[in-house]
Amino acid sequence: MKILKVSFISLIGVTLLTGCWDQHFLKDVKLVMGSGIDITSDGKIVSTVSIPLFTTGPGGTETTESQVITESGDTPRDVRNKLNHKIAEQFDASELMVLMLGEEYAKQDISAGIDVFYRDPKSSVRANVGVVKGTASELLNIKLEKNKLMSEYLSSLIQSNQESTSLPIQTRPLLSDMFDPGTDFVLPLIKPKEKEAQIMGLAMFSGNKYTGQYLTNKDSTLFLLMADQKSKDAVIKLKVHKNKKPELSNFIMLNVLNLKRDLKVRVKNPDEISVELKLDLNVEIMEYPEKQLYSKKNIDKLNKKVSSMLSNEANNIIKKMQKANSDCLGIGRHINAFHHDTWEKLNWKKEYPNIDFNGIVKIKITKHGIFN
Amino acid sequence: MNTKEKKITQFQLFFLIFLTQIGIGVISLPYEVFKDSESDAWISVIIAGFFVQINIVLIWLLYRRFPSLTIFEMMSEVVGKHIAFIFKIAYILFFSSVAILLILLFGRMTHIWIIPRTPNWIILLIMISLCVFCVKENLTVMARYYFVVSFSVIFFLILITSFVKGINILNILPVGQTGFPSIIKGTAQSLLSFLGYEMLLVIFPYSLGKSVGKLKVALLANGIVTIIYAYITFVCLTYLGPYVMKLIPEPILFILKFRSFQIIERTDLLFLSVWIATFGTSIMMYLYLTSNGLANMFTKTNRSTLLFCTATLLYILVLFIPTNDNVINLISNYIKFASYFFIFGLPCILLFVSILRGKKGSPETV
């Protein structure tokens with residue numbers, strides 16, 4: 001009797017607990033791993049997706065090729081539906097790795113287009129977002145060397161640049177910065193080339209719109225240091241001398257070991273806002289053909305020189321940000337937090353380009369390899 | 001008092017209170033509070049926790065006059081059989097409607113987040129039968145289940161703590177910017193998530209030990225719940241920022257989407273699947289309270305029989321209630337107001353009347 005009871009219960013259990021309704025077979029879906037959004041001149045959305053194709057080879061299942069499809073529609077979701085008419089299986093963006101926004105599209109309000117990625121519980125919100133100089137479909141259509149998937153390539157390109165402090169790491173949802181009036185954000189700017197993609201720098205956003213201006217690769221490391229976002233390595237190249245021969249001995253390569261950032265925002269009234277950004281860097285010399293590091297005097301001299309050069313560069317970056325009206329260091333949020341009354345009265349977008357904003361960089365050479 | 005009921009230890013009492021409170025409320029708590037007190041939500045939560053402490057002391061004072069009686073039993077002592085009868089029915093209805101709300105919330109959440117295609121009736125059937133299975137024996141069995149499940153809270157706290165690196169403290173500054181009225185409004189909102197401690201009205205006499213010790217356990221449990229609530233509200237707020245919080249009804253699950261580990265992606269799904277066990281604890285407790293009340297009214301019938309009847313009835317009812325946001329909001333608003341009366345108002349009146357009429361129960365027999 002007892003056996004009967006147990007077997008009856010387990011039979012019910014087996015039928016109930018299989019979850020037949022919500023199974024997703026990998027064979028029934030097309031995993032979209034790279035996606036791009038562009039816009040046409042009449043406001044239609046053009047979406048390009050890159051789908052890896054699985055082939056069974058001698059070494060098991062391999063993905064060596066990807067299928068790239070472009071389709072247009074009114075909204076990104078509409079395009080998804082249309083894509084479903086084209087591809088054999090169901091469209092599935094839950095494994096999305098990269099989301100590329102075409103330049104023209106990014107100049108519009110980008111939050112509208114990526115709404116679907118936040119709304120759909122299945123979608124992956126951790127995809128790397130970037131702006132393409134040109135169109136996203138151009139980038140995704142690049143024929144890479146063999147055995148490389150575009151989506152994987154792009155995501156590891158972005159990742160490796162994040163590790164060298166050339167691109168920001170998205171620690172918080174992009175969405176938070178997008179809706180916060182007290183801060184703007186930067187996204188990687190990528191340019192399609194013949195057989196590869198190239199990182200151009202950081203596209204500066206003002207509100208949710210790409211300003212069209214960007215920080216070059218040269219600036220981006222220092223910018224990220226100013227934003228207190230140092231990653232594993234941060235290498236800075238400087239031209240410290242002018243007329244040395246050969247040409248290459250004019251340069252110095254530095255690696256930032258650690259940094260201390262001090263941001264002082266002084267607000268007297270809404271028209272008188274001054275910001276002082278102090279950056280203390282401990283650096284390591286990686287390459288310096290001019291071998292003068294045996295005396296302390298020379299090191300001090302070099303410290304001073306590099307500090308003033310970097311301060312200059314920092315101020316240039318600040319000018320660029322102010323010109324683009326992009327508060328990507330989140331100064332507005334500081335004012336909101338510490339000078340709330342002023343913030344309420346302030347038209348930040350209007351005021352930001354005119355504030356008095358100074359950058360001071362101080363470096364200290366603490367290491368120079370095993371060689372003077 | 002139901003003599004068949006086995007008594008629980010104070011250790012077990014702690015877990016009963018702790019998990020009944022945490023259960024479902026925690027998932028949408030930061031959002032619910034944020035709607036009113038915005039970036040000061042965490043202050044509201046702490047204030048709410050403080051109010052609950054006072055309320056627990058009140059319930060305890062009432063219990064101390066009747067150390068061996070549940071609320072159902074003491075009412076007939078205090079206000080007479082006829083009025084007590086009405087109140088008993090009201091309490092039973094209140095407890096069962098909280099159960100209904102919890103089941104609805106559970107159904108909606110699993111539907112939206114994990115299993116959108118599975119029909120609701122089967123998810124709810126599994127959940128309710130699990131609850132019945134656990135509740136039908138006695139409190140000791142429940143307490144053991146609660147103890148095991150409490151490990152999921154630790155898991156949860158570790159997950160939440162992994163976000164601390166990405167928070168921006170500027171998001172909640174300046175403190176107190178929304179003003180005092182909004183903070184108090186937010187406090188009222190968050191009280192719903194603290195619900196669960198009212199089970200003390202029934203459970204106090206079923207636990208072992210001195211009455212002061214029980215009070216301490218109850219206060220400790222609620223204190224820890226308050227700290228956890230304030231902490232997660234703080235993390236959500238500083239991580240997402242005030243401008244996004246209003247767009248995300250389940251901020252805790254949402255931020256979990258942003259974290260992936262070496263071999264695990266979509267942490268939200270993993271977490272929710274584990275957390276379902278914790279959802280169950282709240283539902284179980286209210287089923288228990290309802291069945292306990294019914295057992296008090298129908299003294300001839302076994303409590304587990306009554307439990308089966310209640311559960312079946314609730315299940316059928318829930319299937320007929322449309323699960324859209326409007327209905328759920330309506331029910332939760334109704335429960336919010338009802339809870340002021342049943343958890344704070346009525347015990348207050350009972351205490352007052354019992355003092356006035358000089359009623360006192362027999363001393364506790366341990």
Side-chain angles (χ1 to χ4, degrees), chain A residues 9 12-13 15-24 94-97 111 115 117-127 168-183 185 207-208 227-229 263 265 329-344, chain B residues 39 109-123 125-127 129-130 133 162-178 235-248 250-251 253-260 265-269 272-273:
Chain A
I9 289 173
I12 291 180
T15 42
L16 285 184
L17 298 177
T18 46
C20 322
W21 286 279
D22 276 288
Q23 46 192 358
H24 295 276
S94 59
E95 290 293 322
L96 191 72
M97 291 168 91
S111 71
D115 176 86
F117 293 95
Y118 288 110
R119 197 173 293 276
D120 184 358
K122 266 200 340 218
S123 75
S124 155
V125 289
R126 293 173 43 79
I169 295 174
Q170 205 68 51
T171 49
R172 300 182 322 114
L174 183 60
L175 179 84
S176 322
D177 289 338
M178 246 160 29
F179 288 100
D180 191 340
T183 188
F185 55 96
N208 296 336
D228 207 359
Q229 288 190 13
L263 187 66
V265 182
L329 291 176
I331 306 296
R333 186 142 47 188
H334 267 267
I335 298 177
N336 186 356
F338 298 113
H339 307 276
H340 191 65
D341 296 335
T342 317
W343 174 255
E344 304 261 278
Chain B
S39 37
M109 200 162 299
T110 44
H111 178 72
I112 293 177
W113 280 88
I114 5 181
I115 31 183
R117 287 188 222 167
T118 310
N120 234 349
W121 64 266
I122 198 142
I123 303 172
L125 182 66
I126 294 174
M127 190 60 177
S129 31
L130 175 82
F133 184 64
S162 72
F163 287 92
V164 169
K165 227 179 114 190
I167 65 172
N168 187 346
I169 205 103
L170 294 180
N171 279 328
I172 56 160
L173 293 173
V175 173
Q177 56 176 301
T178 46
V235 171
C236 283
L237 254 174
T238 45
Y239 187 77
L240 289 170
Y243 297 94
V244 193
M245 275 293 282
K246 57 172 180 269
L247 306 174
I248 301 169
E250 279 108 17
L253 295 175
F254 198 85
I255 66 172
L256 287 175
K257 274 168 83 88
F258 287 94
R259 172 69 72 241
S260 80
E265 260 197 38
R266 298 301 311 280
T267 326
D268 53 322
L269 290 185
L272 200 53
S273 313

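Below, read A as the first sequence line, B as the second, and so on, with proteins coming before strands; counting in each chain starts at 1. In this text, all values refer to a predicted model and were calculated from it rather than measured experimentally.
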Based on non-hydrogen pairs under 4.5 Å, which of B:Trp113, B:Phe254, B:Phe258 is most in contact with chain A?
->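 So the answer, after comparing B:Trp113, B:Phe254, B:Phe258, is B:Phe258.
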
Highest number of heavy-atom pairs under 4.5 Å with chain A: which of B:Asn168, B:Ile172, B:Ile112, B:Ile169?
->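 Greatest number of close heavy-atom pairs with chain A: B:Asn168.
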
Check whether any side-chain heavy atom of [X] lies under 4.5 Å from a side-chain heavy atom of [Y], and answer yes or no.
X        : Y        : result
A:Met178 : B:Val244 : no
B:Leu170 : A:Phe338 : yes
B:Met109 : B:Leu253 : yes

Proximity breakdown for [X] and chain A, heavy-atom pairs closer than 4.5 Å:
X        : result
B:Leu247 : side chain
B:Phe163 : neither
B:Pro116 : both
B:Ser129 : neither

Select one option (side chain, backbone, both, neither) describing which atoms of A:Asp341 are under 4.5 Å from chain B's heavy atoms.
->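 For A:Asp341, neither part sits under 4.5 Å from chain B.
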
Please look at A:Asn336 and chain B and tell me whether the side chain, the backbone, both or neither of the residue comes under 4.5 angstrom of a heavy atom of that chain.
->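 The answer is both parts of A:Asn336.
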
Side chain to side chain donor-acceptor pair (under 3.5 Å) with B:Ser273: which residues, sequence neighbours excluded?
->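 Testing B:Ser273 for side chain to side chain donor-acceptor pair (under 3.5 Å), a comparison that skips the adjacent residues, returns none.
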
With sequence neighbours excluded, what pairs up with A:Trp343 under the side chain to side chain donor-acceptor pair (under 3.5 Å) test?
->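 Here no residue qualifies.
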
Does B:Leu240 offer a backbone N or O that forms a donor-acceptor pair with the side chain of A:Ser176 under 3.5 Å?
->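 Checked: pair present.
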
